[in-house]
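To start, the structure under review is shown below, and the notes come after it.
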Amino acid sequence: MADISDGDGTGSKFKNIRMMFESQGQASPPVSQKPKKISVTAPPKINGNSTTETPETRNGSSAGADGKSQVLRNHPVLTPTDHRANPLATVSNISTDNRLSVPESNRSSALSDISSSEDEAPIVSECDTQDQESDVGEEEHDATYEEEMTKRREETPQEKNKRRRFKIAEELYTTEEAYYSTLTLINETFRNRLKDDEGVYMFPDKTIREIFINTHELQNLHVVLRDRLKDRIENWQLRPRIGDIMKSIAPYFQLYTDYMAKFENAIKTLNEMSAKNENFSQIVKDLEADDEHCQKLKISQHMLGPVQRIPRYRMLLEQYIERLDETSPDYPDVKDSLDKVALAANKANDNITKLENFQLVSQLLSNVSGLGLTLEKQETRAPMVYIKHGKIMKMSRRNIQDRFIFLFSDVILICKIEGHGKYKCNKKIFVSDLRSIADNSDPNMTYPFELITKKSSFILGGKDEPEKRSWMAAFGRVMAGGGQATTTASPQRLGLVAPVWIPDNGVSMCMSCERTFTTIVRRHHCRACGKVYCSMCSSNKQWLAFDNKNGRVCDSCNTILSARDGLDDKTRKTRGLTNSNFFPGTKDMSEEIPDSTLTKGTIQSGSINGHILVKVGEGHYQKYWCVVRGVILHLYAGTYDKKAKKEMPLLGWNIAEPQDCDKVQDVTLTLKVGHQGLDPMFLKFQSESEKEKWYEALEKATFVD
């Protein structure tokens with residue numbers, strides 16, 4: 001492969017950044033030169049959780065306060081030295097935990113005292129020497145701590161702000177040094193491992209450009225910033241300001257715009273190469289296993305460092321300017337720098353949000369099987385945005401099933417739960433096919449609502465009312481494209497939108513001729529309205545636009561659809577469609593047919609209604625949909641049945657608790673409805689509260705006011 005220049009020949013207008021600074025009379029060391037270590041005290045640790053760990057968040061420090069940047073999950077922390085175990089460290093860097101310093105004269109005096117005491121000390125055992133040094137170190141540490149705390153309590157607000165500004169400047173340098181090490185790892189160490197012995201890349205030029213983006217130019221920029229900050233910290237007493245440095249560097253932060261725009265693609269290329277190229281994958285694994293360089297982090301996590309760096313500048317500058325008086329000569333430069341950094345930080349925040357969403361979507365979809373190519377190839381579509389996921393109940397034709405829904409900005413995945421965090425996608429619904437979300441009163445489902453789509457519609461249920469409303473609001477936001485929830489159903493034309501099917505156990509008879517369903521008389525769903533009919537009442541064929549094919553429809557829907565299409569009998573026969581018994585012959589007549597909305601099945605209701613278990617034999621119960629209307633108790637075999645299986649006038653009947661002689665199980669949940677000379681009926685309820693509610697309703701129906 002041809003070598004790609006990663007020096008000044010990249011062609012970018014920022015490639016000579018270091019030369020520009022040198023032309024201004026400010027020398028800059030070579031990129032690979034490592035700075036000398038300077039004594040910088042560490043701030044106290046700040047506790048927090050981090051979703052993504054980077055070298056900077058592992059090695060840096062934090063100025064504390066409030067952490068205003070929305071993208072910084074964890075403030076970097078330096079590891080303090082245990083000064084009680086080393087008296088020399090205590091003298092040279094007093095009270096690291098409180099981030100205080102000692103004048104050079106005091107430091108020299110302390111070192112001199114220790115040196116002279118060691119010359120005059122008698123010969124003792126090694127253990128005794130260590131104990132004595134430890135005691136001396138503890139005494140000096142305690143005395144110094146008390147002295148410094150006293151000084152802090154006596155500080156004026158101006159002195160306190162001055163001290164804190166220095167600590168922020170210190171943190172700016174220490175984190176910059178850690179960040180520069182990250183850039184060196186990416187741009188030098190990682191790059192070099194992708195080359196052969198002759199210095200030529202072993203992989204395609206396009207791959208190298210996509211992975212490294214403009215990290216070389218970023219490294220050139222930050223070696224200048226790092227060295228300037230280092231010099232300023234060492235000479236802080238002479239020039240206690242950072243605004244001039246940040247102002248000169250801030251315009252070049254536009255380099256990050258290009259990096260952040262291409263970062264997601266860089267991670268994608270890195271992952272693809274690791275998956276399909278064994279040589280590349282081994283290089284990455286070897287580098288990540290090198291704790292000296294990668295510090296137990298992945299390369300992709302190191303590559304996130306530049307994305308997080310700009311928001312950290314913003315946070316530190318905001319903390320710095322809060323402690324700076326507006327009359328200070330440093331104030332205008334810091335204010336100007338903060339404005340420029342804020343623009344870049346806003347772009348970084350947006351990019352981090354997109355990245356986190358990309359990672360979350362990828363992680364969720366990795367646990368779902370059966371997706372198909374339509375979701376795996378996303379290049380030609382807008383990025384998929386995660387909205388909500390969770391367990392929900394779904395009413396099928398035969399029963400109620402537990403399902404797991406993944407709701408994204410452009411697709412809904414309804415999955416079967418396979419266990420161990422794995423799911424199988426049973427149904428994919430694109431948001432563009434959604435038509436409405438509305439309440440539903442089906443008694444077979446707890447807290448139901450219906451999802452109406454172009455190709456399939458069904459009833460879903462939550463575990464409680466808040467969960468139901470939460471799901472309805474989430475679906476509504478998706479339908480509105482991120483706006484407010486839209487749960488008002490717009491009129492849906494018959495045959496253009498998939499209906500919600502009435503479940504099989506919701507009816508025991510044809511919803512037209514009322515024939516009872518048996519093993520011979522079978523149930524058939526009308527594909528246009530979703531109701532259940534016998535074969536004689538649903539033997540028609542009509543074109544259904546939502547399904548893009550002919551479908552079985554009931555007599556009522558056949559009349560409506562025939563009137564709408566306006567086709568003659570010959571054409572209808574050619575297309576395999578059924579002729580209607582009522583055919584107006586013109587399209588205009590179709591407007592007289594009232595089909596503006598999908599007609600739903602009617603649930604039988606009264607002053608009180610619900611499912612009750614009725615005793616039909618010794619220890620045997622049958623479930624009925626029971627309704628009280630006036631003084632009559634109606635027992636329906638199905639919720640949507642038009643005709644009751646049994647009707648009982650309640651006038652004169654006695655409602656009471658079962659007796660021991662009745663030989664009834666669960667006496668506390670059962671009511672006895674009896675009449676003199678007639679066999680009693682036993683009603684069993686799901687709870688005592690439900691039983692009390694029905695007792696009051698039945699007792700009221702046994703007499704006339």
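Quantities reported herein were computed from a predicted structural model and do not represent experimental measurements.
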Would you indicate whether the side-chain heavy atoms of [Y] and [X] approach each other to under 4.5 Å?
{"X": "I299", "Y": "E288", "result": "yes"}
{"X": "R163", "Y": "E159", "result": "no"}
{"X": "I211", "Y": "M303", "result": "yes"}
{"X": "M202", "Y": "I283", "result": "yes"}

Where the side chain of [X] meets the backbone of [Y], is there a donor-acceptor pair that is under 3.5 Å apart?
{"X": "D231", "Y": "D227", "value": "no"}
{"X": "N214", "Y": "L255", "value": "yes"}
{"X": "D336", "Y": "P332", "value": "no"}
{"X": "S337", "Y": "D333", "value": "yes"}
{"X": "H302", "Y": "I186", "value": "no"}

Angle between ring planes, [X] versus [Y], binned at 30° and 60°: parallel, tilted or perpendicular?
{"X": "F280", "Y": "F203", "value": "perpendicular"}
{"X": "Y256", "Y": "F253", "value": "perpendicular"}
{"X": "H222", "Y": "Y313", "value": "parallel"}

Looking at [Y] and [X], is any side-chain nitrogen of the basic one under 4.0 Å from a carboxylate oxygen of the acidic one?
{"X": "E170", "Y": "K167", "result": "yes"}
{"X": "R239", "Y": "D244", "result": "yes"}
{"X": "E318", "Y": "R314", "result": "yes"}

Establish, from distance only, whether the side-chain atoms of Q282 and D286 form a donor-acceptor pair under 3.5 Å.
yes
Using a distance-only test with no angle check, is there a side-chain donor-acceptor pair under 3.5 angstrom linking D325 and T327?
yes
